[in-house]
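As structure tokens, the structure follows; a few thoughts come after it.
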Amino acid sequence: MAWALSSKKIKVLLLESGPAYDPFKDYLLDKPQWEQTDFPYKANSKGKYSFGQMQELDKRFADFETFNHVLGKLFKTGIRATGTYGHVKGVGGTTLMYSGEAHRMNPEAMKMKSRFQAAADWPFDYKELEPYYCIAEQIVGVAGPTADDAKRYRSKPYPLPPHRPSYGSSKIQAGCRKLGMNFVSNSLGILSAPYDGRPPCNYCGGCNRGCQRTDKGSVDRTFIPKAVATGYCTLRAGCQVTGIEAGDNDRIKSVSYVDSKGNIQQVSGRIVVVSCGAIETPRLLLASSGRHAPDGLCNESGMVGKNFMETLYAITSALHDERLASYRAASADIICWDYNNPDAIKDVIGGCRFSAATAEAGFAGPLNYALRVAKGWGKGHKEQMRQTFGNVISVAAIGEFLPNTKSYIDLDPAAKDASGIPIARINTYNTEMDLMRLRFMMETSRQILFSSGAGKIIEQISTYDSFTSSHVFGTCRMGKDSRDSVLNAYCQSHRWKNLFVVDASVFPSSGGGESPSLTIEALAIRTAGYIAENKST
Amino acid sequence: MTVVSAIRTSSIYNGGRAIFSRRVFLRIVAGAGVCGLSLILAGKTVLHNDPAAENNQTIKDFLDILIPEDGSPSASQLGIDKIVIDEINRNKDLLELTGKFFVWLEAASKKAFGTGRFSRLNDSQRQQIVAEAAESAEGTVPRTFFYVILRGAFYHYYANPLSWKYLSYNGPPQPVGFPDQAEPPRLS
Ligand SMILES: Cc1cc2nc3c(=O)[nH]c(=O)nc-3n(C[C@H](O)[C@H](O)[C@H](O)COP(=O)(O)OP(=O)(O)OC[C@H]3O[C@@H](n4cnc5c(N)ncnc54)[C@H](O)[C@@H]3O)c2cc1C
Ligand code: SF4
């Protein structure tokens with residue numbers, strides 16, 4: 001958004017609560033201890049949040065509980081565990097740790113309400129978004145397949161050729177073929193050739209730990225430097241917005257924030273755009289209640305925080321007989337879209353996708369093998385290390401998550417942050433339909449692994465028994481009707497004409513496992529065009 | 001990172017993968033029913049003539065049973081004992097657990113082999129005692145200590161490039177990466 005506005009010569013002040021990261025100093029992939037840390041969080045780069053009542057586990061799906069063959073069953077209480085909302089507070093946001101997948105929405109998954117009476121329809125068609133996807137792909141430097149995508153029309157080819165599948169992933173690809181499934185090169189915001197002054201990927205497998213090589217198209221390497229270079233964008237890191245003040249005439253008056261030195265500041269601008277992510281955005285809006293907006297800002301419909309969609313996710317790992325050195329790979333280099341349409345899974349509403357995920361599963365180096373693959377201790381453990389190292393392959397499955405009344409974000413009634421603002425509370429619930437989709441995803445993942453030549457399943461992680469979300473959506477959804485949505489089709493508040501929200505919270509439906517960042521970027525570019533054209537907003 | 005946090009696996013989707021949460025860990029420390037520390041590593045309590053040296057030696061010998069030399073280096077050959085001892089000394093809970101474990105170790109060694117000093121046992125006797133700790137009931141002091149120290153030892157040992165050589169691993173991942181990723185691996 002900052003780039004799209006500033007490149008149209010509109011002045012932008014970008015307030016980011018987290019710190020800036022220097023890939024060369026802050027990321028650890030070139031250090032011997034690289035594997036001891038996941039993403040190297042700095043001070044103030046993780047938000048605080050709490051959980052509401054977690055659901056009792058439905059025993060009919062107990063087959064899908066999380067286990068590791070060394071550690072055993074991980075969650076034993078019978079109640080779904082409060083896990084993590086995967087995010088980074090920092091310049092570039094969560095893309096600092098993302099896997100680089102650059103997906104377009106499946107057009108079929110944008111009409112869930114009219115087709116299935118589920119979630120909500122997007123207030124425009126895929127074709128409306130298509131030109132903006134092309135712009136976002138150019139900025140990020142997306143590498144993708146040359147063959148046409150039957151599900152997603154494209155007006156332009158990907159800027160870069162696809163990555164070759166890693167040797168480990170090629171086993172998965174071959175296994176799938178035997179099942180009649182089709183794994184193709186994933187479209188990745190990871191450079192397959194030099195591009196825009198950045199070098200190509202060298203397949204280190206460390207995307208989720210922060211890309212030191214800078215070929216991954218995280219927002220701090222792509223949109224933000226370009227925005228600042230226009231001379232129209234001022235970036236202030238370490239600035240936590242604490243409130244948005246509404247004024248008369250349905251307009252936002254000002255924004256308050258605590259700057260990096262701890263001073264309270266107030267700024268005003270013609271337009272305010274909130275892009276704090278699907279958990280922090282509703283928190284900020286709800287916490288910004290006042291005389292003009294007693295139930296929270298933008299909450300005239302009561303929908304702020306509602307329709308929360310989390311990640312329906314499973315990652316299954318198995319040992320292959322062959323030496324693969326499977327840690328040599330970019331994250332998620334191949335993907336299967338065969339079940340991505342919302343009606344693709346028998347008796348289930350909502351689709352899913354499968355991807356190679358050995359790097360994402362963390363089987364990236366010796367330490368993870370020592371802790372999660374080789375059993376025992378002493379000489380036996382060392383022997384197993386030699387036999388198994390590099391032989392794990394993993395398949396991830398991500399599915400549609402349908403909104404339900406028990407999944408929402410609200411303000412924690414007790415816990416507050418350092419500024420005295422209530423923290424976000426995550427209320428999460430998986431319906432039977434979600435669990436049926438998850439069952440299909442996990443059963444198919446196992447079949448894929450076995451068909452790929454893997455023997456024993458050594459680990460299975462699923463969101464059945466733990467909330468673990470990397471993709472979150474829906475808490476300020478767009479819609480045509482102001483009674484059941486927060487924003488119009490341009491991500492503009494139905495009431496507050498100079499207030500926009502552009503992040504994953506605007507999604508009316510989650511899609512069938514598509515990763516969201518490219519869609520967020522396309523939406524931002526589209527909205528910036530609207531703002532530029534409608535200077536009176 | 002401490003030994004306690006080291007039991008967490010390192011992965012992107014690692015919510016709750018610790019084998020012992022801190023809460024469980026504290027329950028074991030508090031509820032094990034053994035009181036009066038009879039160690040300890042910094043030489044605070046006199047148990048033997050030179051308690052610090054004796055206790056440090058015990059940790060070193062214990063670690064070398066967990067990670068022995070077998071063509072690749074043992075734990076102590078890579079200095080893991082010093083790191084672990086340092087962590088124990090800096091962590092009150094772990095220090096207390098270690099004290100309780102030493103009481104158990106002395107009793108177990110005495111019962112099995114007539115001497116309370118683990119370091120005086122031969123290799124196969126030490127292995128027998130370590131196996132007894134590993135196979136103790138869940139939630140007991142010996143089992144808890146065993147797993148916390150085992151995972152802590154792995155955590156440091158496998159972050160040392162000298163341990164990678166024997167796995168044909170050419171890390172760390174950067175700056176070279178794995179440009180041969182699409183080919184079968186060339187294993188040395
Ligand atoms: C491990 C992992 C892997 C992923 N892989 C992929 C992938 O391959 N492809 C993909 O498309 N997506 C992926 N995602 C998801 C993707 O990163 C997110 O969906 C996306 O970044 C969300 O964008 P956002 O703008 O909604 O929120 P964020 O990226 O979280 O950005 C929100 C920003 O707002 C800031 N902020 C919050 N509150 C305030 C405040 N009060 N004041 C000032 N600033 C504030 C935050 O600090 C943050 O920088 C992954 C996520 C994870 C965790
Ligand atoms: S695999 Fe490629 S994109 Fe990912 S961190 Fe390594 S070099 Fe960067």
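In what follows, chains carry the letters A, B, and so on, assigned in the order in which the sequence lines appear, proteins first and then strands, with residues in each chain numbered from 1. Note: hydrogens, waters and symmetry copies are ignored here, and every other heavy atom, side chains too, is used.
The CG atom of B:Leu167 lies 5.0 Å from the CE atom of A:Met385; values are rounded to the nearest 0.5 Å. In this structure, CZ on A:Arg386 lies 4.5 Å from OG on B:Ser72, to the nearest 0.5 angstrom. Annotation: the span from B:Ser74 atom OG to A:Lys382 atom NZ amounts to 6.5 Å, rounded to 0.5 Å. Summarising the geometry, atom CG belonging to A:Asn368 is positioned 13.0 Å from atom OH belonging to B:Tyr158; distances are rounded to the nearest 0.5 Å. Between atom CG of residue A:Leu367 and atom CZ of residue B:Arg151 there is a gap of 9.0 Å, rounded to the nearest 0.5 Å.
Proximity to chain A (any heavy atom under 4.5 Å) is shown, for B:Ile65, by both the backbone and the side chain. Both the backbone and the side chain of B:Ala131 come within less than 4.5 Å of a heavy atom of chain A. Both the backbone and the side chain of A:Pro32 come within contact range of chain B, each with at least one heavy atom under 4.5 Å from a heavy atom of that chain. Interface remark: A:Asp333 contributes side-chain atoms only to the contact with chain B (heavy atom separation under 4.5 Å). Residue contact with chain B, scored on non-hydrogen atoms closer than 4.5 Å, involves the backbone and the side chain of A:Ala370 alike. Contact annotation for A:Lys171: neither backbone nor side-chain heavy atoms come within less than 4.5 Å of a heavy atom of chain B. Heavy atoms of A:Ser166 lying under 4.5 Å from chain B belong to its backbone as well as its side chain. Heavy-atom distances place both the backbone and the side chain of B:Asp180 under 4.5 Å from chain A.
Interface check for chain B: of the options A:Phe467, A:Tyr203, A:Tyr369, A:Phe39, the most heavy-atom pairs under 4.5 Å are formed by A:Tyr203. With respect to chain A, the highest number of heavy-atom pairs below 4.5 Å among B:Val130, B:Asp64, B:Asn160 belongs to B:Val130. Highest contact tally toward chain B, considering only A:Arg323, A:Glu383, A:Gln33, is held by A:Arg323 [criterion: heavy-atom pairs under 4.5 Å]. Ranked by heavy-atom pairs under 4.5 Å with chain A, the first of B:Ala134, B:Gly171, B:Pro172 is B:Pro172.
In this structure the side chain of B:Gln127 never reaches within 4.5 angstrom of the side chain of A:Lys379, judged on heavy atoms. Looking only at side-chain heavy atoms (C-beta outward), A:Asn202 and B:Phe178 stay at 4.5 Å or farther from each other. The shortest distance between side-chain heavy atoms of B:Tyr155 and A:Gln36 falls below 4.5 Å. For the pair B:Phe146/A:Trp377, a side-chain contact is recorded, criterion being any heavy-atom separation below 4.5 Å from C-beta on. Side-chain atoms of A:His381 and B:Phe154, non-hydrogen and from C-beta on, do get closer than 4.5 Å to each other. Side-chain contact between B:Gln174 and A:Lys31 is absent, with no heavy-atom pair separated by less than 4.5 Å.
If you look at A:Tyr327 and B:Tyr169, their ring centroids are closer than 6.0 Å.
Heavy-atom minimum distance, A:Arg164 versus B:Ala182: CZ-CB, 3.5 Å. When all heavy atoms of A:Arg328 and B:Glu183 are compared, the closest pair comes out as NH2-O, 2.7 Å. Closest of all the heavy-atom pairs between B:Gly177 and A:Cys204 is CA-CB, 4.0 Å.
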